[in-house]
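Both backbone and side-chain heavy atoms feed into the values below; hydrogens, waters and symmetry mates do not. Every chain is numbered from 1, with letters handed out A, B, ... down the list of sequences.
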There are 2 protein chains.
Amino acid sequence: MFSKACEYGIKATIFIAQKSLHKTRVSLKEIAAEINSPEAFTAKILQSLARNGLVDSHKGPTGGFEMNRAKMDTIKLYDIVNAIDGDNIFVGCGLGLKHCDANKPCPVHDKFVGIRENLTQMLKNTTMYELASGLDIGLTQLKR
Amino acid sequence: MFSKACEYGIKATIFIAQKSLHKTRVSLKEIAAEINSPEAFTAKILQSLARNGLVDSHKGPTGGFEMNRAKMDTIKLYDIVNAIDGDNIFVGCGLGLKHCDANKPCPVHDKFVGIRENLTQMLKNTTMYELASGLDIGLTQLKR
DNA sequence: ATTAAATAGGATAAATTTGTCCGAAATAAG
DNA sequence: CTTATTTCGGACAAATTTATCCTATTTAAT
């Protein structure tokens with residue numbers, strides 16, 4: 001459903017947010033170890049998220065990644081997915097047609113409308129804070 | 001959501017089924033032209049679907065692909081997707097974890113359960129006949 | 001039998017995604 | 001100021017997906 005890059009990006013962001021709940025900055029190394037992802041590849045994804053303002057990064061010793069509480073409430077899962085995989089999953093045709101809509105639908109158009117809407121709304125309604133909290137209290141996991 | 005191969009496979013199968021409604025066999029060339037797909041690549045996909053018994057193929061002059069009415073009613077969109085892309089989209093973890101379930105859920109597990117179930121049920125409930133009919137009466141399209 | 005038309009299948013190539021390497025830039029601390 | 005630590009960013013490499021090419025096999029028709 002999501003690209004590998006997006007999976008890593010989501011997991012990394014949730015972990016960063018969880019640590020930020022405790023005012024702790026995390027390094028790339030810690031992140032990659034925690035979410036079990038290739039370090040250099042994860043770095044690329046985090047750079048992109050940082051450039052897009054979805055996480056904050058700091059260079060130098062004691063540097064690393066963090067996310068303030070305001071962002072945790074503002075930024076939705078949707079924003080992470082959209083930043084990494086783009087909006088094709090939200091708006092594109094299920095069969096890859098360029099011009100597919102209610103007027104000129106592909107054979108699966110109507111079948112997909114509802115599911116896509118559910119997915120989009122779910123992602124748009126899910127805050128990073130919510131995901132970080134669940135992880136923080138041990139309700140959810142990022143490994144295995 | 002689906003791989004390119006899967007998109008081509010779905011479109012090709014629907015077209016084959018539609019033509020079979022009129023007892024007409026279609027060649028690879030016609031299929032690729034109709035669904036706007038690379039011919040040789042489409043051939044690979046159709047070979048695989050034929051090996052799996054999802055479409056019937058015939059060699060030689062007047063040969064081509066077809067699907068009898070019984071299969072149209074039996075075979076679901078689910079079967080096509082499963083044959084080409086496998087079952088990861090139906091059963092795999094949204095974040096790619098190997099061991100993610102209700103007991104040890106990833107942060108998005110609960111959020112995805114419903115959506116995934118909707119998708120699976122929809123694909124399992126959609127027959128090739130239904131899709132072929134919609135195309136046949138001009139309600140849907142495979143191009144553009 | 002011969003021919004032509006069609007799918008089957010192996011080998012290969014191109015494109016994209018995933019992953020690695022290394023030097024540059026920033027910055028905290030002594 | 002120097003050093004060590006960390007992210008940044010470009011170039012490169014590997015793996016996977018997508019796409020092509022060519023020959024073999026099957027089969028209908030003459």
request  = May I have the distance from B:Ile31 (atom CD1) to C:dA8 (atom P), rounded to whole angstrom?
outcome  = 10 Å
ask   = Nearest to the side chain of A:Pro61 - C:dT27, D:dC8, D:dT26?
value = C:dT27
task = Round to a whole Å and report the spacing from NE2 of A:His58 to C1' of C:dA25.
result = 16 Å
request  = Remember a base hit wins even if backbone is also touched, and classify A:Lys29 as base, sugar-phosphate or nothing at under 4.0 Å, heavy atoms.
outcome  = nothing
query = Between C:dG9 and B:Arg51, is there an OP1 or OP2 to side-chain N/O distance shorter than 4.0 Å?
reply = yes
ask   = Can you tell me if the side-chain N/O atoms of B:Ser57 get under 4.0 Å from OP1 or OP2 in C:dA8?
value = yes
ask   = C:dA5 C1' sits how many Å from B:Leu28 CG, rounded?
value = 13 Å
inquiry  = As a test of reading the structure: which of C:dT20, C:dT27, D:dT18 is closest to the side chain of B:Ala5, going by heavy atoms?
reply    = D:dT18
query = Any salt bridge between B:Asp79 and B:Lys124, counting N to O under 4.0 Å?
reply = no
note = Side-chain contact check for B:Ala40: nearest option of D:dA28, D:dT18, D:dC21 is D:dC21
message = From CZ of B:Phe41 over to P of D:dT20, roughly how many Å is that when rounded to an integer?
response = 10 Å
task = For the side chain of A:Lys59, starting at C-beta, report the closest nucleotide among C:dA26, C:dG9, D:dA19.
result = C:dA26
key: Out of C:dC21, D:dT27, C:dA11, whichever nucleotide has its closest atom nearest the side chain of A:Lys44   = C:dC21
request  = Measure from the side-chain heavy atoms of A:Ala50 and tell me the nearest of D:dC8, D:dT25, D:dT7.
outcome  = D:dC8
message = I want to check a possible cation-pi pair here: B:Arg69 against B:Tyr129, using under 6.0 Å from ring centre and within 45° of the ring axis as the test.
response = yes
query = Roughly, in whole Å, what's the span from CZ in A:Arg25 to C1' in C:dT27?
reply = 10 Å
ask   = For the pair made of CD1 in A:Ile35 and C1' in C:dG19, what is the distance, rounded to whole Å?
value = 14 Å
inquiry  = Tell me if a side-chain donor or acceptor on B:Asn125 pairs with a main-chain N or O of B:Met122 at a distance below 3.5 Å.
reply    = no
ask   = Between B:Thr126 and A:Lys111, is any side-chain donor less than 3.5 angstrom from a side-chain acceptor?
value = yes
query = How close or far is atom P of C:dA26 from atom CG of A:Asp56, stated in whole angstroms?
reply = 18 Å
query = Taking 4.0 angstrom as the limit, do B:Lys19 and B:Asp136 come out as a salt bridge?
reply = no
task = Establish, with yes or no, whether the OP1 or OP2 oxygen of C:dT18 is under 4.0 angstrom from a side-chain nitrogen or oxygen of A:Tyr8.
result = no
Closest listed nucleotide, where the reference is the side chain of A:Thr62 and the choices are D:dT26, C:dA28, D:dT6 = C:dA28
message = Just the rounded figure in Å: distance from P of D:dT17 to CD of B:Glu7.
response = 15 Å
